[in-house]
Amino acid sequence: MPDASLGSSPRRLDVAIVGGGLAGLYAIHRLRKLGLSVRAYEQGSGIGGTWFWNRYPGARCDVESLEYSYSFSEELQQEWKWPERYGTQPEILKYINHVADRFDLRRDVQLDTRIETATFDRATNLWTLKTRAGETIEARFVVMAAGNLSTPRLPDFKGLKSFKGKWYHSGLWPHEGVDFSGQRVGVIGTGSSGVQMIPIIARQARHLTVFQRTANFSLPARNAPMETERERRHKANYRERRISAYDTPFAIGGHPRPTRSALEVSDDERNRAYESKWQEGGSISYLYAYTDLLVNKQSNDTASEFVRNKIRATVKDPRTAELLAPKDHPIGTKRLCLDTNYYETYNRPNVSLVDVRSDPIAEITETGLRTEGGQSFELDAIVFATGFDAMTGALREIDIRARNDQAGGGEVSLRDHWAGGPLTYLGLMVSGFPNMFIVTGPGSPGVKTQMIASIEQHVDWIADCLDHLAQNGLDRIEPTPEAEQAWVEHVNQVADSTLYPLANSWYVGANIPGKPRVFMPYVGGFDRYKKHSEAIAAKGYEGFALGRTAAGQRQAAE
Ligand code: NAP
């Protein structure tokens, strides 16, 4: 419900949180413990973020459920029972709602509230946030927990308005679900979302046409009901398992650290290793088969070719198989997909694959779509699995500004500051925008890890930082421009030492025409990032300018 204080004097908070997903909810829990007044503003009509919006058929997390969960409460992780190896969207949403109730988080979440502007005034040392409905909130600190894949993107096709059928985007799926029975359905996009929904839609639709621009690598998930014995063993030392997971690049445990290059072993031995990972299911174990799959092209070629051969062996029509076998990027450099019967689906008589790389979609018509080469497709429904304005989209949608304190002093906007690509220090803060923290922002390892581990690590870091400020009578923190620049350079250097930049992925904004091509996630690993960010805090927040302001002192005394 929109807030009742609308129109009256501004609500004053210690910390305003933007977003009521996994990050926003944990921030409420953690920051409340410091005695701070907090409130999360969520644009959806329910909590859960990604898991609230992405309700498309087959939506499921591709990190195993025993890993993809909060670790902050031993009781919670012991009590919760995941029914399957990988959590479905409804199951994860149920879990998030359970957490909100169990830790009494809802009273500090305001739903149906979109933050449109956020302005920091150096003179008052306050952030002022304005909602779409006109409410004003003042806060000493802001935590942006608005998500990395939360701004759905529709390609700019001509003619969508004229389409007489129904269309959907994976990230804005109707809550009541969609029944495609008897319909001619077109799915555009073959990333993780497309790969999960295609086998399920194929079972319902009269005919499914998949429009593929870039083939993606996908590995079998091998989902199954949770094995009781496996769950018992995991829970017997959950805490220790989490700690050892934090000491790995992906923050995912259970996979021994590789010790050899893929080129050090014989072809037979390597193929046996890949086969065993293929049978085991999951993406991390595959990419973790050898030390150098993400840094050495020749090594990667062996892993890529193994999967291409699996595709060729699965898909009966050789032309379709070749189209599905990715050749334009090394495996793992775009987000590796996990699937259940994805490639097998193309053996169904009611499924066809159209290559829109060689013949791009020209326009949506009243009755379907047409390609530039003049092929026409009659469709009753179109599904856009076309992704998101990743990592920066949600923050760019908010008009974020900071005002200087000199009279007539200028204003800087985040959109301008990021015009050439996102700039952050540690992915956590932005120079010139004091007292604003970002959870798993650009420059953080978040999207390359088990997200919830990164969320907890970032929020804990932020909480410790706010505590440090309070303990020392300080009220302002911002990164120095030098530290920010050095971090951005470091993020890029690390990326350049890997194969990641070889792919046109959302990691570099390649899916958004005109978006500056900058490598956004930190791919040096969760383990290195955690140690580094903790060391920076231990050194008195090296690279940050900390301060005490007259206005801040007054507010603290109020
Ligand atoms: P995505 O990976 O960005 O894929 C979008 C797809 O749409 C790509 O195949 C893209 O082709 C295609 N596309 C975009 N514009 C197009 C156009 N104009 N014409 C034709 N095709 C077009 O988006 P996503 O599948 O929603 O996944 C985004 C991320 O969300 C994933 O990488 C993952 O991190 C996360 N996710 C995770 C899960 C999970 O845990 N299982 C599930 C879903 C999503 P190009 O490749 O050529 O651009």
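Atoms within a ligand are numbered from 1 in the order they appear, just like the ligands themselves. Note that the structure is a prediction, hence the values are computed from the model and not measured.
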Handout entry: Shortest reach to atom 10 (C) of ligand 1 by a heavy atom, considering only K334, M197, R357, R213
Key = R213
Problem - Test of proximity, D62 against ligand 1: N or O pairs below 3.5 Å - result: yes
Exercise for the section: Give yes or no for whether the N/O distance cutoff of 3.5 Å, strictly under, is met between Q196 and ligand 1. Expected result: yes
Practice task
Give a yes or no on whether the backbone of P442 and the side-chain of T424 come within a donor-acceptor separation of less than 3.5 Å.
Solution key: yes
Problem - Student check: side-chain heavy atoms of T449 and Q457 closer than 4.5 Å - result: no
Practice task
Supply the atom-to-atom distance W487 CH2 to S533 OG, rounded to the nearest 0.5 angstrom.
Solution key: 8.0 Å
Problem - Over-ring placement of R55 relative to F52, 6.0 Å and 45° cut-offs - result: yes
Handout entry: ligand 1 contact on F384 by region, counting heavy-atom pairs under 4.0 Å
Key = neither
Exercise for the section: Indicate yes or no: does an N/O atom of N504 lie under 3.5 Å from an N/O atom of ligand 1? Expected result: no
Problem - Top protein contact for atom 32 (O) of ligand 1, by heavy-atom distance - result: W506 NE1, 2.8 Å
Handout entry: Donor-acceptor contact below 3.5 Å, side chain N54 vs main chain Q89
Key = no
Fill in the blank from the handout: heavy-atom search around atom 26 (O) of ligand 1 in the protein gives S193 OG, 2.7 Å
Exercise for the section: Can you sort out which atoms of ligand 1 are near F157, meaning under 4.0 Å from one of its heavy atoms? Expected result: 17 (C), 18 (N), 19 (N)
Practice task
Examine distances only and state if a side-chain atom of D380 and a backbone atom of R184 form a donor-acceptor pair shorter than 3.5 Å.
Solution key: yes
Exercise for the section: Assert yes or no for the condition that the ring centre distance of F388 to H169 is strictly below 6.0 Å. Expected result: yes
Practice task
Number the atoms of ligand 1 from 1 as they appear, then name those within less than 4.0 Å of a heavy atom of R153, with their elements.
Solution key: 14 (C), 15 (N)
Handout entry: Closest approach of any protein heavy atom to atom 2 (O) of ligand 1, naming residue and atom
Key = G191 CA, 3.8 Å
Practice task
Run the ring-centre check on W82 versus Y68 and record whether the distance is less than 6.0 Å.
Solution key: no
Practice task
Return the residue, atom name and 0.1 Å-rounded distance of the protein heavy atom closest to atom 35 (C) of ligand 1.
Solution key: L149 CD1, 3.7 Å
Problem - T386 side chain to G189 backbone, donor-acceptor under 3.5 Å - result: no
Exercise for the section: Show which atoms of ligand 1 fall inside a sub-4.0 Å distance from at least one heavy-atom site of I188. Expected result: 20 (C), 21 (N)
Practice task
Say whether Q212 and ligand 1 are in contact under the criterion: heavy-atom distance to a ligand atom below 4.0 Å.
Solution key: no
Exercise for the section: Examine F250 together with F526 and report whether their ring centres are nearer than 6.0 Å. Expected result: no
Practice task
Looking only at protein heavy atoms, identify the closest one to atom 47 (O) of ligand 1 and say how far it is in Å.
Solution key: T214 OG1, 2.4 Å
Exercise for the section: List the closest protein heavy-atom neighbour of atom 42 (C) of ligand 1: residue, atom name, distance to the nearest 0.1 Å. Expected result: Y56 OH, 3.3 Å
Practice task
Find all atoms of ligand 1 within a distance of less than 4.0 Å from any non-hydrogen atom belonging to F388, and give their numbers and elements.
Solution key: 26 (O)
Problem - Heavy atom of the protein closest to atom 12 (C) of ligand 1 (residue, atom name, distance) - result: G189 CA, 3.7 Å
Exercise for the section: Provide, to 0.1 Å, the distance between atom 9 (O) of ligand 1 and the closest protein heavy atom, together with that atom's residue and name. Expected result: T190 N, 2.9 Å
Handout entry: Shortest reach to atom 36 (N) of ligand 1 by a heavy atom, considering only G87, S192, C61
Key = S192
Practice task
Would you check if the side chain of E42 reaches a backbone N or O of G49 as a donor-acceptor pair within less than 3.5 Å?
Solution key: no
Handout entry: Sub-4.0 Å heavy-atom approach of Y68 to ligand 1
Key = no
Practice task
Report the relative orientation of the aromatic rings in H29 and Y26; use parallel for angles under 30°, tilted for 30 to 60°, perpendicular for over 60°.
Solution key: tilted
Problem - F211 and ligand 1 - part of the residue with a heavy-atom distance under 4.0 Å - result: neither
Problem - N or O contact, A385 vs ligand 1, cut-off under 3.5 Å - result: yes
Handout entry: Aromatic ring proximity F211/F384, centre distance under 6.0 Å
Key = no
